[in-house]
> 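Before we start, here is the structure in question, set down as structure tokens.
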Amino acid sequence: MGMVLGKISVETPKYKVIQALADYEIRVYAPSVIAEVTYDPTQFKGNKDGGFTVLANYIGALGNPQNTKPEKIAMTAPVITKAPESSAEKIAMTAPVVTKAGGDEESKRVTMQFLLPEKYQKAEEAPKPVDERVVIREEGERKYGVVKFGGVATEGVVKEKVEKLKQSLERDGYKIIGEFLLARYNPPWTLPPFRTNEVMIPIE
């Protein structure tokens, strides 16, 4: 019942808030190991979140773990989505599932990430995926401007939040160094008013 009402009971990324303003926060995230998959949503009948099943299978959230050990890996939050690295500067992120999308042909592709639990400090410590589409990599410390919001993270809502956050960061003298990330902390069955979402923009 707690998850329906938005209770987040899984591990989430560690970060320090270095500045909290009325409309956003500046956070520094600790290094982490992530599992990610990059895909064209048409591979999943147009579903932008199609990569979720691929990553969930890797950690064993939907049955037997699809990794070579095989070892069940605890689910974390958020799920992060973003545009693939090649269409923007390299962007680092942790715990959510992050989704990110760009604006050209390449932009139709989506990268989805799961942050692996903190016990995995290096990429080689994480179980090797059976599915070659899953990439395990390390991300160093990184800094983001972040805005939190509830409800359903529709494309329109996300676009509005990103534009507003960009304007706020530029107004306050921060240099944006990559595309935004969308971090969603709750499963789809959480009631919209109780959901936690974040838009994150990497800054220098």
> Please give me the minimum heavy-atom distance between V158 and V199, naming the atom from each residue.
CG1-CG2, 4.1 Å
> In the structure I gave you, are the side-chain heavy atoms of P117 and T76 within less than 4.5 Å of one another anywhere?
yes
> Report the C-alpha separation of N57 and D131 in whole Å, then their side-chain angles, then the decisive distance to 0.1 Å, and conclude whether the side chain to side chain contact (heavy atoms under 4.5 Å, CB included) test is met.
CA-CA 9 Å; N57 281 331; D131 190 328; over 6 Å; no
> Please evaluate residues F52 and F114 with respect to the criterion ring-ring contact (aromatic ring centres under 6.0 Å, His included), reporting the C-alpha separation (whole Å), side-chain torsions for both, the decisive distance (0.1 Å), and the verdict.
CA-CA 9 Å; F52 185 89; F114 282 11; 5.4 Å; yes
> Sequence neighbours excluded, which residues qualify as ring pair (Phe, Tyr, Trp, His ring centres under 6.0 Å) partners of F44?
Y39
> Quick one: closest heavy-atom pair of V37 and G51, and the distance?
CG1-O, 3.8 Å
> Between V10 and M75, which heavy-atom pair has the shortest distance, and what is it?
CB-O, 3.4 Å
> Considering all heavy atoms of both residues, which atom of A30 and which atom of R142 are nearest to each other, and what is their separation?
O-NH1, 3.1 Å
> Quick one: ring pair (Phe, Tyr, Trp, His ring centres under 6.0 Å) partners of Y15, sequence neighbours excluded?
Y29
> Can you give me the closest heavy-atom contact between L165 and G145, atom names plus distance?
CD2-O, 3.4 Å
> Show, in sequence, the C-alpha distance, side-chain angles and deciding distance for K72 and I59, and conclude whether the side chain to side chain contact (heavy atoms under 4.5 Å, CB included) test is met.
CA-CA 6 Å; K72 213 167 172 63; I59 67 171; over 6 Å; no
> The test is side chain to side chain contact (heavy atoms under 4.5 Å, CB included); show your working for I136 and Y120 and say whether it passes.
CA-CA 11 Å; I136 307 299; Y120 302 108; over 6 Å; no
> Please list, chain by chain and in numerical order, all residues satisfying salt bridge (charged side-chain N to carboxylate O under 4.0 Å, His left out) with E155, sequence neighbours excluded.
K48
> Of all heavy-atom pairs between R195 and N186, which one has the smallest distance, and what is that distance?
CA-OD1, 3.1 Å
> Please output the side-chain donor-acceptor pairs of residues 166-178 that fall under 3.5 Å, not counting sequence neighbours, one pair per line with the distance.
from : atom 1 : to   : atom 2 : distance (Å)
S168 : OG     : D23  : OD2    : 3.0
S168 : OG     : K164 : O      : 3.0
R171 : NH2    : D23  : OD2    : 3.4
D172 : OD2    : Y24  : OH     : 2.6
Y174 : OH     : Q19  : OE1    : 2.3
K175 : NZ     : E204 : OE2    : 3.4

> Could you check whether any side-chain heavy atom of L115 comes within less than 4.5 Å of a side-chain heavy atom of P13, counting everything from C-beta outward?
yes
> Is there a side-chain contact between I26 and I203 in this structure, where contact means two heavy atoms from C-beta onward sitting under 4.5 Å apart?
yes
> For R27 and E198: C-alpha separation, side-chain torsions, deciding distance, then whether side chain to side chain contact (heavy atoms under 4.5 Å, CB included) applies.
CA-CA 12 Å; R27 299 179 188 169; E198 290 174 341; 2.9 Å; yes
> Hydrophobic clusters here meaning ILVMFWY residues chained together by side-chain heavy-atom distances under 4.5 Å, can you tell me if I73 and L62 are in one?
no
> Test of understanding: with salt bridge (charged side-chain N to carboxylate O under 4.0 Å, His left out), list the residues that count as partners of K128, not counting sequence neighbours.
none
> Among residues at least two apart in sequence or on other chains, which ones pass salt bridge (charged side-chain N to carboxylate O under 4.0 Å, His left out) with E118?
K14
> Quick check: do Y185 and N197 have side-chain heavy atoms less than 4.5 Å from each other?
no
